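The structure under discussion appears below in the form of structure tokens.
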Amino acid sequence: GGKQYTGLLKTNPFGAAVKRLIQDKNTPAVFYAGTGNGVFVSTDRGKSWQPQNAGLSFKAVGSMAVVGDKLYLGTLGGGVFVGTISSDHTIVWATSNGPNPTIYNVKLKVHPTNGQTLYATAYPGGVFKTTNGGQTWQECNFAMPSFRVIDPAAQGYYNLEIDPNNPSVLYLAIFGKGVYKSTDGAASWRPMFGTFGQNVGIMKKPLTRILVDPKDSKTIYLGSGDGVYRSTDGAESWTEMPTQGLASKQVLSM
């Protein structure tokens, strides 16, 4: 009755987080798992899993529902898919016909030493990563907040920067939502409010660009709609840089 739990899996067979888990109403031993890497089916109460992604062109699952012999899949940026569940519980996917969300300001970043690893950022959607040259993608938004911007055409920025000296360290500057840092290749993110909350003001700035000094990984620069800011401690704290000589404090690129 929930007093004790036993782990079914020694390792993660999905290669991503599970977003939705559904038990078949007619066959209790059958489970469907919607993950960041597609759909998987178990016929032995979750002890073993088989991928059901042939014909599924977008695998970052956000939501899932089972109605009769149909499995409906809402993906994070690729629209809605419908699959037919066969008698042996395999899934045959139909071509998606929407809805397809409008994506703003898509940006790509390539790993400095591994051309097969790329990051894509956009609003809506967040951060996605591929390690096989774009053949498959995984959502990388763990610990990131969910939010909505008023004007996505102007404010839908996800500016990603990779530390050239340590590619496992990444920084993300989001317009009006702050600075986030990952030290594990985008597997997780930490909001950079500062140890004592000293960066609350920065987290609300209209950020447009973030850069890591190639000679000093601790030095980070932020471009925003009201000037330039610099950190010398890896984004733990920030100081505003002088603006003498700038015709406008509205910085769009650096």
Side-chain angles (χ1 to χ4, degrees), residues 1-2 4-101 103 111 114 116-122 124-146 182 184-189:
Q4 294 180 335
Y5 284 87
T6 301
L8 293 175
L9 303 172
K10 294 182 179 180
T11 60
N12 180 357
F14 314 115
V18 177
K19 296 301 186 71
R20 190 80 167 87
L21 185 66
I22 297 177
Q23 184 179 31
D24 192 295
K25 291 183 178 180
N26 299 317
T27 312
V30 174
F31 284 83
Y32 304 94
T35 79
N37 199 27
V39 177
F40 293 75
V41 175
S42 172
T43 58
D44 56 6
R45 294 186 178 273
K47 295 178 181 178
S48 62
W49 296 86
Q50 297 298 322
Q52 298 293 322
N53 300 319
L56 186 62
S57 58
F58 202 91
K59 299 179 183 179
V61 176
S63 60
M64 186 173 68
V66 175
V67 182
D69 67 341
K70 301 297 183 184
L71 190 148
Y72 298 94
L73 204 64
T75 64
L76 297 171
V80 176
F81 293 80
V82 58
T84 300
I85 303 172
S86 304
S87 58
D88 61 353
H89 303 291
T90 58
I91 301 173
V92 179
W93 296 100
T95 302
S96 172
N97 58 0
N100 292 295
I103 304 296
H111 191 287
N114 181 0
Q116 291 294 301
T117 298
L118 299 89
Y119 297 89
T121 66
V127 183
F128 290 82
K129 180 180 182 179
T130 177
T131 57
N132 55 15
Q135 296 180 46
T136 58
W137 294 83
Q138 291 187 354
E139 181 198 3
C140 295
N141 293 318
F142 184 75
M144 288 285 292
S146 177
S182 173
D184 51 17
S188 62
W189 295 91

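A quick note: this is a predicted structure, and the numbers were derived from the prediction, not measured. Computed from heavy atoms alone, side chains included, the values below leave out hydrogens, waters and symmetry copies.
A 6.0 Å sphere centred on CD of Gln50 holds no more than 12 heavy atoms belonging to other residues, nucleotides or ligands.
The structure places CG of Leu21 at 11.5 Å from OH of Tyr32, a figure rounded to the nearest 0.5 Å. Between the NZ atom of Lys129 and the NE2 atom of His111 there is a distance of 7.0 Å, given to the nearest 0.5 Å. Between the CG atom of Leu9 and the CZ atom of Phe14 there is a distance of 6.0 Å, given to the nearest 0.5 Å. The OG1 atom of Thr27 lies 4.0 Å from the NE2 atom of His89; values are rounded to the nearest 0.5 Å. The structure places OG of Ser57 at 10.5 Å from CH2 of Trp93, a figure rounded to the nearest 0.5 Å. If you take OG on Ser182 and CH2 on Trp189, they are separated by 5.0 Å, rounding to the nearest 0.5 Å.
A distance-only check finds no donor-acceptor pair linking the side chain of Thr121 to the backbone of Gly126 [under 3.5 Å]. Counting only distance, with no hydrogens or angles, the side chain of Thr130 and the backbone of Asn132 share a donor-acceptor pair below 3.5 Å. For Trp137 (side chain) and Phe58 (main-chain N/O), no donor-acceptor pair under 3.5 Å exists by modelled atom type. Side chain of Asn141 to main chain of Gly125: a donor-acceptor pair is present (N/O by atom type, distance under 3.5 Å, no hydrogens or angles). Distance alone, capped at 3.5 Å, is enough to place a donor-acceptor pair between the Thr35 side chain and the Gly38 backbone.
Side-chain contact of Thr90 with Asp88: a donor-acceptor pair under 3.5 Å is present, judged by distance alone.
Under the salt bridge (Lys or Arg N to Asp or Glu O under 4.0 Å) criterion, no residue pair touches residues 49-71, with sequence neighbours excluded.
The closest side-chain heavy-atom distance from Leu71 to Gln52 is not below 4.5 Å. Using a 4.5 Å heavy-atom cutoff, the side chains of Pro28 and Gln23 are in contact.
Under the side chain to side chain contact (heavy atoms under 4.5 Å, CB included) test applied with Ile91, the options Leu73, Val82, Val39 reduce to a single match, Val39.
Taking every heavy atom of both residues into account, Asp44 and Ser42 meet most closely at OD1-OG, 2.8 Å. What you find for Phe142 and Ala187 is that their closest heavy atoms are CB-O, 3.4 Å.
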